Enquirer: 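There's a structure below that I have some questions on.
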Amino acid sequence: MENDRAEVESVIMELREVLARAGIVLPSLGFDPVSYAHRTMPTLVELGRCNIDTARRLAKALGER
């Protein structure tokens with residue numbers, strides 16, 4: 001499954017903006033280059049690692065939905 005790079009970057013920007021409104025920053029947020037280059041695998045969005053405080057804020061934000 002191929003994804004257009006612009007589409008992948010768009011969804012990453014959208015996610016980054018939504019997280020920022022919740023006070024959450026994931027510095028490693030980006031696309032996974034290995035899956036992007038793969039011909040049959042869907043492109044994965046790399047969320048990356050975060051500290052405990054960010055993980056708690058993320059859990060709280062998701063729990064409020």
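Both backbone and side-chain heavy atoms feed into the values below; hydrogens, waters and symmetry mates do not. Not measured: the values here are computed from a predicted model.
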Enquirer: Kindly work out whether a path of hydrophobic side-chain contacts (I/L/V/M/F/W/Y, heavy atoms less than 4.5 Å apart) joins L58 to V11.
Expert: yes
Enquirer: Are V25 and L19 close enough that some pair of their side-chain heavy atoms sits under 4.5 Å apart?
Expert: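 Result no, sub-4.5 Å side-chain heavy-atom pair not found.
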Enquirer: Suppose we screen for side chain to side chain donor-acceptor pair (under 3.5 Å). Which residues come up paired with E9, at least two apart in sequence or across chains?
Expert: R5
Enquirer: Rounded to the nearest 0.5 Å, how far apart are CG of L15 and CG of L29?
Expert: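 Separation between the atoms: 5.0 Å.
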Enquirer: Compile the donor-acceptor pairs under 3.5 Å between side chains in residues 44-52 and protein atoms, sequence neighbours left out, one pair per line.
Expert:
{"unit_1": "E46", "atom_1": "OE2", "unit_2": "G48", "atom_2": "N", "d": "3.3"}
{"unit_1": "N51", "atom_1": "OD1", "unit_2": "D53", "atom_2": "N", "d": "3.2"}
{"unit_1": "N51", "atom_1": "OD1", "unit_2": "T54", "atom_2": "N", "d": "2.7"}
{"unit_1": "N51", "atom_1": "OD1", "unit_2": "T54", "atom_2": "OG1", "d": "2.9"}

Enquirer: So how far is it from L62 CG to K60 NZ, rounded to the nearest 0.5 Å?
Expert: 12.5 Å
Enquirer: For residues F31 and V8, report the shortest heavy-atom separation together with the two atoms involved.
Expert: CB-CG1, 3.4 Å
Enquirer: By the side-chain hydrogen bond (donor to acceptor under 3.5 Å, both in side chains) test, which pairs, at least two apart or in different chains, include something from residues 16-27?
Expert: none
